2 protein chains.
Amino acid sequence: MPDPPAPRPGGGRPDKRQAICRAARLVFGREGYTRASVDAIAAESGVAKRTIYNHFADKEDLFRSVAVEGADAVTEAVHVLLERHLRKIVDLEEDLTAFCLERALAVTEFPEHFALVRAIHAEVHRLPPHVLEKWREHGPPSAHRRLAPYLRRIADRGLLDLDDAEKAAARLNSLTQNDVLLRSFHGALPLPPATVEEIVTDGVRAFLRLYAPAPTPRRSRP
Amino acid sequence: MPDPPAPRPGGGRPDKRQAICRAARLVFGREGYTRASVDAIAAESGVAKRTIYNHFADKEDLFRSVAVEGADAVTEAVHVLLERHLRKIVDLEEDLTAFCLERALAVTEFPEHFALVRAIHAEVHRLPPHVLEKWREHGPPSAHRRLAPYLRRIADRGLLDLDDAEKAAARLNSLTQNDVLLRSFHGALPLPPATVEEIVTDGVRAFLRLYAPAPTPRRSRP
DNA sequence: GTCTATACCGAGATAGAC
DNA sequence: GTCTATCTCGGTATAGAC
């Protein structure tokens with residue numbers, strides 16, 4: 001259970017908690033950490049201010065929870081894509097492309113969370129250290145780490161030539177995701193799908209050129 | 001008098017203009033576009049508010065100018081690095097690595113500008129359309145475009161095998177810069193130099209594996 | 001003509017009293 | 001929850017100093 005410092009472990013109705021989180025994500029994403037007021041969040045969630053402090057120790061605790069839960073949700077979504085596309089490989093290039101493409105498009109499926117991510121970036125220097133710490137634990141890197149074992153397994157079947165699965169995962173990420181993330185402002189202004197498709201397709205091709213297994217001992221016809 | 005839309009072409013003392021820009025960059029970067037007040041910028045620059053409107057049409061104009069000038073300064077700095085490292089090639093891997101490394105570290109040399117970049121990201125949806133438009137013209141892509149001709153020239157000397165220099169430039173960027181940018185929050189929390197070095201070194205190696213010219217017609221010993 | 005300083009306006013947000 | 005007083009802010013106006 002990674003929730004030891006929980007201020008209110010099971011206190012409060014879960015539906016209220018969810019409403020608060022939803023509202024907090026919205027308001028924090030729109031206003032940023034500093035500017036967002038707990039009053040605004042209470043108003044947005046249709047809940048008394050006191051109820052918020054029933055579920056969360058303070059503003060910092062609320063922000064951290066929302067950020068971490070959002071990041072975990074994204075990681076979970078990525079994991080679903082991993083299972084769908086990279087468990088059983090039929091055509092490696094096709095499967096990798098489908099995975100990366102869906103993952104790139106998934107950014108637009110968590111708009112409130114990524115607004116919050118942009119707020120985090122803008123305010124790194126004003127964020128309480130604990131928040132930053134938790135963000136580094138649950139943020140993007142945690143999604144990457146999920147990819148590595150899948151690449152490892154693919155390599156074990158002889159479809160890739162990997163020395164370091166973690167590094168290869170990072171590389172695939174660099175080649176197919178980061179550009180989309182940066183150019184779309186973390187999904188705030190989505191790129192044309194055709195552009196995303198081109199980036200991902202090219203990126204996967206490059207990845208495969210980098211990690212293609214050495215051609216099997218050639219028995220080419222003379 | 002036909003002078004309605006003209007902001008202030010050449011009017012005003014340049015030193016004041018510079019002080020205003022400096023202060024605006026600071027305040028916009030700290031507060032964001034919406035929250036930053038012209039009064040605060042006037043105070044920070046030690047200039048009367050009216051003077052700001054002497055030099056700039058309005059808040060939007062001021063923000064756009066500062067963003068564009070900052071972006072251009074970065075582009076110019078990158079250009080200097082290009083000239084230093086990629087004009088005369090002595091060892092391609094070494095030169096590329098040196099260039100990419102210095103470029104990656106350069107992010108920390110424009111801290112106020114990159115604070116403003118983060119503010120832009122956080123507020124894309126609240127930014128006046130014209131600002132966004134100009135940003136897209138002068139932003140990161142413009143720095144990338146500078147790289148392409150250098151790669152083209154290197155390729156023409158037979159040191160690289162490029163079909164599309166623009167795409168290759170984008171690739172080198174993906175492999176050596178984007179990760180640093182994202183993981184360091186646009187330079188706000190610099191990565192350990194050793195980490196940057198590793199990312200860049202590995203990235204350049206991968207880039208060269210992708211674009212190495214086909215081995216010259218082999219006359220291998222039988 | 002540019003600078004400073006200050007007062008001012010209208011619109012929108014905010015906060016408190018009720 | 002609503003009404004109202006107050007504040008903030010972009011932008012303008014006035015006045016005088018250089």
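Just so we're clear, the structure is a prediction, and the values are computed from it rather than from any experiment. Lettering of chains follows the sequences in order, A, B, ..., and the numbering in each one begins at 1.
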>> Classify B:T51 by what it touches in the nucleic acid, base, sugar-phosphate, or nothing, heavy-atom distance under 4.0 Å.
In response: base

>> Below the 4.0 Å mark, does C:dT2 have OP1 or OP2 next to a side-chain nitrogen or oxygen of B:H55?
In response: no

> In chain order, what residues pass the salt bridge (charged side-chain N to carboxylate O under 4.0 Å, His left out) check against A:R35, with sequence neighbours excluded?
Replying inline: A:E31

>> Output the rounded distance in Å from CG (B:D61) to C1' (D:dG10).
In response: 14 Å

> Can you name the salt bridge (charged side-chain N to carboxylate O under 4.0 Å, His left out) partners of B:E44, sequence neighbours left out?
Replying inline: B:R30

>> According to salt bridge (charged side-chain N to carboxylate O under 4.0 Å, His left out), who are the partners of A:D95, at least two apart in sequence or on a separate chain?
In response: none

>> Between P on C:dT2 and CG on B:D15, what's the gap in Å once rounded to a whole number?
In response: 14 Å

> Partners of B:P141 by side-chain contact (heavy atoms from CB on, under 4.5 Å), sequence neighbours excluded?
Replying inline: B:R145

> Do B:R126 and B:E123 meet the salt-bridge criterion of a basic N to acidic O distance under 4.0 Å?
Replying inline: yes

> Looking across every strand, which nucleic acid part, if any, lies under 4.0 Å from B:A42 by heavy atom: base, sugar-phosphate, or nothing?
Replying inline: nothing

> With B:E198, which residues qualify under salt bridge (charged side-chain N to carboxylate O under 4.0 Å, His left out), at least two apart?
Replying inline: A:K167

Please write out each protein N/O paired with an N/O of nucleotides 11-18 of chain D under 3.5 Å, distance rounded to 0.1 Å.
residue: D:dG11; atom: OP2; partner: B:Y53; partner atom: OH; Å: 3.2
residue: D:dG11; atom: OP2; partner: B:K59; partner atom: N; Å: 2.9
residue: D:dG11; atom: N7; partner: B:K49; partner atom: NZ; Å: 2.6
residue: D:dG11; atom: O6; partner: B:K49; partner atom: NZ; Å: 2.7

>> Which is more 5' along DNA chain C, the nucleotide nearest A:R35 or the one nearest B:V47? Just name the residue.
In response: B:V47

